[in-house]
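Comments concern the structure below.
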Number of protein chains: 2
Amino acid sequence: MTKRLCLSPAEIEQKLNDAGVQPTLQRIAIFRHILCEADHPTADQVREWAEKNLDKISQATVYNTLGTLVEAGLLQALRLPHSDKVIYDHNIEDHHHFLDEKSGRLYDLPEEDVEVTYKLPKKFRAHRVDVVVKGRVE
Amino acid sequence: MTKRLCLSPAEIEQKLNDAGVQPTLQRIAIFRHILCEADHPTADQVREWAEKNLDKISQATVYNTLGTLVEAGLLQALRLPHSDKVIYDHNIEDHHHFLDEKSGRLYDLPEEDVEVTYKLPKKFRAHRVDVVVKGRVE
DNA sequence: TTCTAGAGTTAGAATAATTCTAAACGTAGA
DNA sequence: TCTACGTTTAGAATTATTCTAACTCTAGAA
Ligand SMILES: [Mn+2]
Ligand SMILES: [Mn+2]
Ligand SMILES: [Zn+2]
Ligand SMILES: [Zn+2]
């Protein structure tokens, strides 16, 4: 369901370079973690993983890195109704989400599986629509 | 566009009683403010108004009151992608929103003006869909 | 190679939103 | 009138995130 781009550190480094982001060790590791292993993690979940798996890293670096990756268009930052934490999404295509209200887990819904039609007042110009379907996974 | 239920304090008191919420002065005033005057306010905007317009009120009471009104089903709490603040909505019917990304202002979109169709994986059971249309008001 | 300016990282403090604590207060009903 | 319980309060605590200012690294320039 989720597109997972599992790349080697060298390929990650290339992607960072292409995006104009200096590929530091911390950025390579965090970006690869989110691309390959993590599922819609929060900053704090990334920090937990990083503290276990990298030599030493500060909270500020985790936030800085996530912010840098989002600014560079390599990650999306999401805010969902059930939580006050920002969620980082390696899926940067326009897409929608299903929220399992029991577990709090988020699932991607491909753009083409969701159709939205709407009528807006005159003078309202839309340039994006976000859909969150809430429910349960049985 | 937004349904505005402008009621007298006595009518507000009745609504609170009906919902099983003791109609204290603070609750009546805040609930009436959100029903009649405020447009998708944050807790802090409610606090600002309350400090100006009520004899004395604490921040905790504002949060307590908003929480109580949401629990009683008299307000909706919203979390939107552009802000980390909870937004309180007197419109408790299912409805959608338009976010003016320039001003940050939220507009209600009636349920019937938005149509969503989606295809979910087996075992996914939806019980609500939230749509946020983002764009500009010219 | 060495130098160096700018970019990145860091610990810790600061800020912002919200919640908690424990005492004081008010009020509905016995 | 009394009292139990719900409500309000000031202030502290918590949580998520950002800022500060010093230290460190690294990409080029020389
Ligand atoms: Mn509204
Ligand atoms: Mn916060
Ligand atoms: Zn996603
Ligand atoms: Zn609304």
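- The side chain to side chain contact (heavy atoms under 4.5 Å, CB included) check on B:T117 picks up A:E115, with sequence neighbours excluded.
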Would you tabulate the side-chain donor-acceptor contacts of residues 65-82 of chain A under 3.5 Å, counting partners in other chains and residues two or more places apart, or write 'none'?
from	atom 1	to	atom 2	distance (Å)
A:T65	OG1	A:T61	O	2.7
A:T68	OG1	A:N64	O	2.8
A:R79	NE	B:P81	O	3.3

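- Near-neighbour residues of DNA chain C inside residues 67-82 of chain A, defined by a heavy atom below 4.0 Å, are absent.
- Using a 4.0 Å cut-off on heavy atoms, the residues of residues 50-57 of chain A that approach DNA chain C are A:K56, A:I57, listed by number.
- Qualifying side chain to side chain contact (heavy atoms under 4.5 Å, CB included) partners for B:N53, counting only residues two or more places apart in sequence or in other chains: B:W49.
- Applying the side chain to side chain contact (heavy atoms under 4.5 Å, CB included) criterion to A:Q22, with sequence neighbours excluded, gives A:R27.
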Could you pull out the protein-nucleic contacts involving nucleotides 20-25 of chain D (nitrogen or oxygen on both sides, under 3.5 Å)?
none

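- Contacts of A:H97 classified as ring-ring contact (aromatic ring centres under 6.0 Å, His included), with partners at least two apart in sequence or in another chain: A:H40, A:H95.
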Anything under 3.5 Å between a donor and an acceptor, one on a side chain of residues 126-135 of chain B, the other on a protein residue two or more places apart or in another chain? List them.
from	atom 1	to	atom 2	distance (Å)
B:H127	NE2	A:E101	OE1	2.5
B:R128	NE	B:D130	OD1	3.4
B:D130	OD2	A:K134	NZ	3.0
B:K134	NZ	A:D130	OD2	3.0

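- The salt bridge (charged side-chain N to carboxylate O under 4.0 Å, His left out) test applied to A:E51 returns A:R47, not counting sequence neighbours.
- With sequence neighbours left out, B:K102 forms a side chain to side chain contact (heavy atoms under 4.5 Å, CB included) with B:D100, B:R136.
- Partners of A:F31 according to the ring-ring contact (aromatic ring centres under 6.0 Å, His included) rule, which considers only residues two or more places apart in sequence or in another chain, do not exist here.
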